[in-house]
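What follows is a short report on a single structure.
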There are 2 protein chains.
Amino acid sequence: MSDLDFHDHDHSACRATLLRAAEQRCRDKGLQLTPVRRRVLELLAEGHRAMGAYEVLDLLRAEGFGSQPPVAYRALDFLVSNGLAHKIERLNAFIACALPGSRHAPVFLICTGCGTVAETHLDLGDGRLGEIADRAGFEIGRAVVEIEGRCPTCREAA
Amino acid sequence: MSDLDFHDHDHSACRATLLRAAEQRCRDKGLQLTPVRRRVLELLAEGHRAMGAYEVLDLLRAEGFGSQPPVAYRALDFLVSNGLAHKIERLNAFIACALPGSRHAPVFLICTGCGTVAETHLDLGDGRLGEIADRAGFEIGRAVVEIEGRCPTCREAA
DNA sequence: CCTTTCGTGTTATATTATCACATACGCCGA
DNA sequence: TCGGCGTATGTGATAATATAACACGAAAGG
């Protein structure tokens, strides 16, 4: 199985793995994976798709957490800042990081048919984007790479 | 001079070139480069930077065009749909296309120091991103590639 | 002349995101 | 033990970004 799959993998296992990795990471870095933060990560992992901040907020509210936007945004910011989740700019939505620990730039393949988002990583230092930046004397910080198109399943359906 | 420069180029010339290219393109494709649309493209070209929709709207309003958001959004949508401008998702802002006519995916280098945005293009079909998509059986549609970092000038200053 | 299409304009509203301030809790040094 | 400090949570209010829905007018084509 590739690291880049759209539909066929053990979803509950990846959710558990992901949460364990997050706990580990927070222990290592001295970060607090508080109840709200942990729950938001779980929601993203359970949903296994890009979710809007207000969608997350609705779920939090229903579970007795704070009900105002900053509650969701702060938890999401924490997760994103610490590499546990990503924001998909194109969708104004958030998704659990599928490959925690990787130091490469995340790349998202977004299916316009079913909305599924697959994550992989790319080493920017080397390759075309690296060349482009080097030639321009540009020092790369963070990168947003989001590709819209059709996943294998939706291609077959069409 | 590279096609990817941050600060040193003939700005008024590029603005004129850009407008001429837009007129040409609209003639060829049977599109209407109406006064609002043309003016918005000019504003983006004159600003030579990413501008928010409401910033554009304020300028339009001051010049006697309609004063409500759809006026700006519609003109911007037209320009983006027809390859005359791009939306920088990361900034929720718009910029004139610096390389009109190119059929490759636009790549933006965004300087976090001075806010300057440089545009270049990348052929996705071939290269790493193409490989990634191929391996996953993913059919590439449109791509968002936005790299934040520091331009040469801001690196020297630091 | 009539109809259709497209573009513009308006009002109203939806969606996404942040500010500002209050409270609580743990830690740690005085 | 207590006070100060940093951090996290919660709140109400508001900002920033974007779209829906509808009216009008101009141009094209029968």
Side-chain angles (χ1 to χ4, degrees), chain A residues 22-23 26-27 29-44 47 49-82 84-95 115 144 146, chain B residues 22-23 26-27 29-44 47 49-82 84-95 115 144 146:
Chain A
E23 284 163 359
C26 288
R27 262 196 305 277
K29 292 190 165 190
L31 302 170
Q32 302 182 47
L33 191 59
T34 62
V36 204
R37 292 169 177 177
R38 188 194 161 91
R39 188 62 190 128
V40 170
L41 182 55
E42 282 176 2
L43 290 169
L44 293 178
R49 61 195 170 82
M51 297 174 75
Y54 280 75
E55 190 179 353
V56 168
L57 179 59
D58 287 344
L59 296 169
L60 290 178
R61 176 184 294 129
E63 296 180 9
F65 290 99
S67 62
Q68 300 303 315
V71 171
Y73 279 103
R74 283 194 292 233
L76 289 165
D77 285 348
F78 169 85
L79 297 173
V80 170
S81 302
N82 295 292
L84 301 173
H86 299 288
K87 179 173 186 183
I88 313 283
E89 299 289 344
R90 177 70 180 146
L91 305 177
N92 292 320
F94 301 82
I95 193 165
V144 172
E146 299 169 2
Chain B
E23 283 164 0
C26 288
R27 260 196 307 276
K29 292 190 165 191
L31 302 169
Q32 301 184 47
L33 190 59
T34 62
V36 204
R37 291 170 176 177
R38 189 195 161 91
R39 188 63 190 129
V40 170
L41 182 56
E42 282 175 4
L43 290 168
L44 293 178
R49 63 197 169 82
M51 298 174 74
Y54 279 76
E55 190 179 352
V56 168
L57 179 59
D58 286 344
L59 296 169
L60 290 179
R61 176 186 292 130
E63 296 179 11
F65 290 99
S67 61
Q68 300 304 314
V71 172
Y73 280 102
R74 283 195 291 232
L76 289 165
D77 285 349
F78 169 85
L79 297 173
V80 169
S81 302
N82 295 291
L84 301 173
H86 298 288
K87 179 173 187 184
I88 313 283
E89 299 290 344
R90 177 69 182 149
L91 305 176
N92 291 320
F94 301 82
I95 193 165
V144 172
E146 299 169 1

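Protein chains get the first letters and strands the later ones, always in sequence-line order, with residue 1 at the start of each. For the numbers below, each heavy atom of this structure counts, side chains included, while hydrogens, waters and symmetry mates do not.
Positionally, the nearest nucleotide of DNA chain D for Gln68(A) lies more toward the 5' end than for the other of Gln68(A) and Leu91(B). Nearest-nucleotide positions on DNA chain C place Gly66(B) closer to the 5' end than the other of Gly66(B) and Phe94(A).
Rounded to an integer number of Å, the gap from CZ of Arg90(A) to C1' of dT16(C) is 16 Å. Taking atom CG of Leu76(A) as the reference point, atom P of dA8(D) lies 15 Å away to the nearest angstrom. Put simply, CG on Leu33(B) is 13 Å from C1' on dG7(C), counting in whole angstrom units. In this structure, Asp77(B) places its CG atom 7 Å from P of dT19(D), rounding to the nearest Å. Between the CD atom of Glu55(B) and the P atom of dT17(D) there is a distance of 9 Å, rounded to whole Å. Taking atom CZ on Arg39(B) and atom C1' on dT8(C), their separation rounds to 18 Å, with Å as the unit. One can place CG of Leu57(B) at 14 Å from P of dT8(C), the figure rounded to the nearest angstrom. Note: CZ (Arg74(A)) to C1' (dG12(D)) measures 12 Å, nearest angstrom.
Checking the phosphate oxygens (OP1, OP2) of dT16(C), no side-chain nitrogen or oxygen of Lys87(A) falls inside 4.0 Å. Put simply, Ser67(A) has a side-chain N or O that comes within less than 4.0 Å of OP1 or OP2 on dT11(D).
Within 4.0 Å (heavy atoms only), Arg37(B) reaches sugar-phosphate atoms of the nucleic acid but no base atom.
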From CA spacing to verdict: side-chain contact (heavy atoms from CB on, under 4.5 Å), Met51(B), Leu59(B): CA-CA 11 Å; Met51(B) 298 174 74; Leu59(B) 296 169; 3.6 Å; yes
Candidate pair Asn82(B) and Cys26(B), rule side-chain contact (heavy atoms from CB on, under 4.5 Å), full reasoning: CA-CA 9 Å; Asn82(B) 295 291; Cys26(B) 288; over 6 Å; no
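Electrostatic pairing of Asp77(A) and Arg74(A) does not count as a salt bridge here, judged by no charged N lying under 4.0 Å from a carboxylate O.
With Arg49(A) contributing its side chain and Gly115(A) its backbone, the two residues share no donor-acceptor pair below 3.5 Å. Distance alone, capped at 3.5 Å, is enough to place a donor-acceptor pair between the Glu146(A) side chain and the Glu89(A) backbone.
Candidate nucleotides dG9(C), dA17(C), dG12(D) were compared by shortest atom distance to the side chain of Pro70(A), and dG12(D) ranks first. Here the nucleotide nearest the side chain of Gln32(A), chosen from dA8(D), dA17(C), dT11(D), is dA8(D). Considering only side-chain atoms of Pro69(A), the nucleotide from dA18(D), dT10(C), dA13(D) that sits closest is dA13(D). Checking dA18(D), dA8(D), dT11(D) against every side-chain atom of Tyr73(B), the shortest atom distance belongs to dA18(D). Side-chain atoms of Asn92(B) lie closest to dT17(D) of the nucleotides dT11(D), dT17(D), dG10(D).
Between the side chain of Tyr54(A) and the base of dA17(C), at least one donor-acceptor pair of N or O atoms lies under 3.5 Å.
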